[in-house]
> 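Structure in C-alpha cells, see below.
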Protein chains: 2
Amino acid sequence: MASSPSEPVVRAWARLERAHRAAQTAVEARLKEAGLPPLAWYDALLELERAGADGLRPFELQREMLFAQYNLSRLIDRLVAAGYVVRSASAEDGRGQVLGLTREGRAMRKRMWPVYAAAIEDAVGRHLSLAEATTLADLLGRLYSRPTK
Amino acid sequence: MASSPSEPVVRAWARLERAHRAAQTAVEARLKEAGLPPLAWYDALLELERAGADGLRPFELQREMLFAQYNLSRLIDRLVAAGYVVRSASAEDGRGQVLGLTREGRAMRKRMWPVYAAAIEDAVGRHLSLAEATTLADLLGRLYSRPTK
DNA sequence: TCCATAAAGATGCAATTGCATCTATCTGGG
DNA sequence: CCCAGATAGATGCAATTGCATCTTTATGGA
C-alpha cells in the first residue's frame, strides 16, 4: 500500500512552506525598506476597499484573510490607531461593528501598491511563465476549498 | 501596457499566502491537540537526522529552514532545553558550534510523524491528484531557487 | 604581520502572536 | 417569555518574532 501522504504530497507541502517563507520574507523586507506598513495591512485595506461603502464586519474580514480572531482584533486596533480604518457600531447587530476605510487608508493602500507589486514580481513573477503562474494559482486554490476527492 | 506583475502572478501570490496560512494553521493545530511540539521542531529534528552523525552547523540549518538567524538561535535554545539537541563547539571553526540529535530527539521526531503525516494528507493530499501534487511541488520549487544547485 | 572586514552566533528590548477567557448580544427551542 | 447555547469581539498574560547590536573568531589583502 502506498504510504498515506504520498511522496509528491509531502514534497509539495515542504515546498509550500519554504516557498512561502522565502517570498513572504522578501516582500516584507521590501515594504519595510520603503518605510511602508507590513503586508497584513495591505490585505486588510484592500479587502475593505473592495467591500465598498458598506464596509465589512470584522468577522468577515477575518474569514477573508484567514486571520485568527484575536489577531484580527489587534490588527484593526493598529489600523485604527494609524487612522486608516474606522470602527463603528453595527446597526443590525448589537455585538458587532462595521469597519470603514478612511481617505488616508485608501491613500496608503495605493501608496503601497507599487512597492508591493514589484516585490511580488520578484518573488513570484520572475520565476514563472504566464501559464505556470496560472497553473500554480489554480492548484493553490484547491488547497483551501472543499476536497473533490 | 501589461501591468508588471500579471494578473495570474498576483493571483498565485495571493493564493500562496492563503493556502499556506490555511495549511499551516491546520497542521499546527493537529500537532498541538496531540500534545506534540510545533512544526518548526519537526523540521529541525528532521534536518539533523538527515545530516547524520556529523551533525549540522547552526548556519547550515538556518539556510535549510530559511529561518532568521536570531530565530534559529532561539529555536535551538528550546530544543536543547527540551533535551532533543546538543550543542558542541566546532573543531574547525572557533566561532561556531555543531548540533547533534539526541536519542530523545530522534524519538520525538518519530513520534511526531504519524500525526504530522495525517495532517499533511488532510491539508494537501486530499485536495490533489498525484500528478497535481507533483506539478505543485515543481512550481513551488521554482520560487526559491538556491544559487548553488 | 597587521588590520579591516566578514562570518557565526547570542542577546536586550519592543512588537506581534497564541491561548484562554471574558463580556455582551443574539437565536432557537420549549 | 425564558433560558441555554452560540456568536462577535476584546483582553491579560505568556511565548515567539523582529530588530539592532554585540562578542568572538576567521580571512584576505597590503
Side-chain angles (χ1 to χ4, degrees), chain A residues 17 20-22 24-44 48 55-82 85-100, chain B residues 17 20-22 24-44 55-82 85-100 148:
Chain A
E17 278 208 297
H20 176 263
R21 196 167 306 164
Q24 167 96 357
T25 302
V27 171
E28 291 283 19
R30 289 289 210 89
L31 288 170
K32 175 160 359 226
E33 87 191 13
L36 294 168
L39 211 41
W41 289 37
Y42 186 91
D43 273 16
L48 284 172
L56 272 184
R57 298 286 301 273
F59 75 92
E60 296 173 305
L61 189 49
Q62 175 187 331
R63 266 174 215 163
E64 210 55 55
M65 298 178 68
L66 302 181
F67 236 63
Q69 183 270 322
Y70 48 83
N71 278 338
L72 184 64
S73 178
R74 279 154 168 160
L75 173 59
I76 295 169
D77 287 348
R78 285 171 233 141
L79 289 168
V80 169
V85 166
V86 283
R87 281 178 162 123
S88 53
S90 165
E92 314 95 44
D93 188 338
R95 296 165 300 181
Q97 48 195 228
V98 179
L99 304 177
Chain B
E17 278 208 298
H20 176 263
R21 195 168 306 166
Q24 167 96 357
T25 302
V27 170
E28 291 283 18
R30 291 289 211 89
L31 287 170
K32 175 162 356 229
E33 87 190 13
L36 294 168
L39 211 41
W41 289 37
Y42 186 91
D43 273 16
L56 272 184
R57 298 286 301 273
F59 75 90
E60 295 173 305
L61 190 49
Q62 176 187 328
R63 268 176 214 161
E64 210 55 54
M65 298 178 68
L66 302 183
F67 236 64
Q69 183 270 322
Y70 48 83
N71 278 338
L72 183 64
S73 178
R74 278 154 169 160
L75 173 59
I76 296 170
D77 286 349
R78 285 171 234 141
L79 290 167
V80 168
V85 166
V86 283
R87 281 179 161 123
S88 52
S90 165
E92 313 95 46
D93 189 336
R95 297 165 299 183
Q97 50 194 225
V98 179
L99 304 177
T148 54

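We use all heavy atoms of the structure for the numbers below, so side chains are in, but hydrogens, waters and symmetry mates are not. On a predicted model such as this, the values are computed, not experimentally measured, just so you know. The chains referred to below are lettered A, B, ... by the order of the sequence lines, with proteins before strands, and numbering in each begins at 1.
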> Within the structure, does a side-chain N or O atom of A:Ser73 lie under 4.0 Å from either OP1 or OP2 of D:dA10?
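For D:dA10, OP1/OP2 do have a side-chain N/O of A:Ser73 under 4.0 Å.
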> Does any non-hydrogen side-chain atom of A:Asp77 lie less than 4.5 Å from one of A:Arg87?
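Of all side-chain heavy-atom pairs linking A:Asp77 with A:Arg87, at least one is under 4.5 Å.
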> Could you give the CD-to-P distance, from A:Gln62 to D:dT7, as a whole number of Å?
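My rounded result for the distance is 12 Å.
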> When the distance from CG of A:Asp77 to C1' of D:dG9 is rounded to whole Å, what number comes out?
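Nearest whole value for this atom pair: 10 Å.
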> Let me know the distance between CD of A:Gln24 and P of D:dT17, rounded to the nearest Å.
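Computing the A:Gln24:CD to D:dT17:P distance gives 13 Å.
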> Using whole Å, report how far OH of A:Tyr70 lies from P of D:dA8.
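To the nearest whole Å, that distance equals 17 Å.
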> Any side-chain heavy-atom pair from B:Pro58 and B:Leu99 closer than 4.5 angstrom?
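The answer is yes, as the side chains (C-beta and beyond) meet within the 4.5 Å cut-off.
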> Does any non-hydrogen side-chain atom of A:Glu17 lie less than 4.5 Å from one of B:Leu39?
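Yes, side chains in contact.
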> Not counting sequence neighbours, which residues clear side-chain contact (heavy atoms from CB on, under 4.5 Å) with A:Phe59? List them please.
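Partners of A:Phe59 under the side-chain contact (heavy atoms from CB on, under 4.5 Å) test: A:Arg57, A:Gln62, A:Arg63.
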> Got a list of protein N/O to nucleotides 13-16 of chain D N/O distances below 3.5 Å?
{"unit_1": "D:dC13", "atom_1": "N4", "unit_2": "A:Arg74", "atom_2": "NH2", "d": "3.4"}

> Whole-Å distance between C:dA8 P and B:Leu99 CG?
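Rounded to whole Å, this separation is 13 Å.
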> If we ignore hydrogens and angles and just use 3.5 Å, is the side chain of B:Ser73 paired with the main-chain N or O of B:Gln69 as donor and acceptor?
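Between the backbone of B:Gln69 and the side chain of B:Ser73 there is no qualifying donor-acceptor contact (under 3.5 Å).
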> Where the side chain of B:Arg21 meets the backbone of A:Met65, is there a donor-acceptor pair that is under 3.5 Å apart?
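At least one qualifying donor-acceptor pair exists.
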> Output the rounded distance in Å from CG (A:Leu75) to C1' (D:dG9).
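It works out to 14 Å between those atoms.
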> Near DNA chain C, under 4.0 Å by heavy atom, which residues of residues 86-98 of chain A?
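DNA chain C contact set from residues 86-98 of chain A: A:Asp93, A:Gly94, A:Arg95.
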> Would a 4.5 Å heavy-atom cut-off, applied to side chains only, mark B:Glu28 and B:Gln24 as touching?
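Touching, per the 4.5 Å side-chain cut-off.
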> Please tell me if the side chains of A:Thr25 and B:Leu66 come closer than 4.5 Å, counting only heavy atoms from C-beta onward.
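With C-beta onward as the side chain, the pair stays apart.
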> Can you tell me the distance, in whole Å, between the CD atom of B:Gln69 and the C1' atom of D:dT17?
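Going from B:Gln69 (CD) to D:dT17 (C1'), I get 13 Å.
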> Where the side chain of B:Phe59 is concerned, which of D:dA20, D:dA10, C:dA8 is the nearest nucleotide?
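In terms of side-chain proximity for B:Phe59, the closest of D:dA20, D:dA10, C:dA8 is C:dA8.
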> Can you tell me how far CG of B:Leu36 sits from OH of B:Tyr42, rounded to the nearest 0.5 angstrom?
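CG of B:Leu36 is found 11.5 Å from OH of B:Tyr42.
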> Starting at CG of A:Leu72 and ending at P of D:dT11, how long is that distance when rounded to a whole Å?
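Distance, rounded to whole Å: 14 Å.
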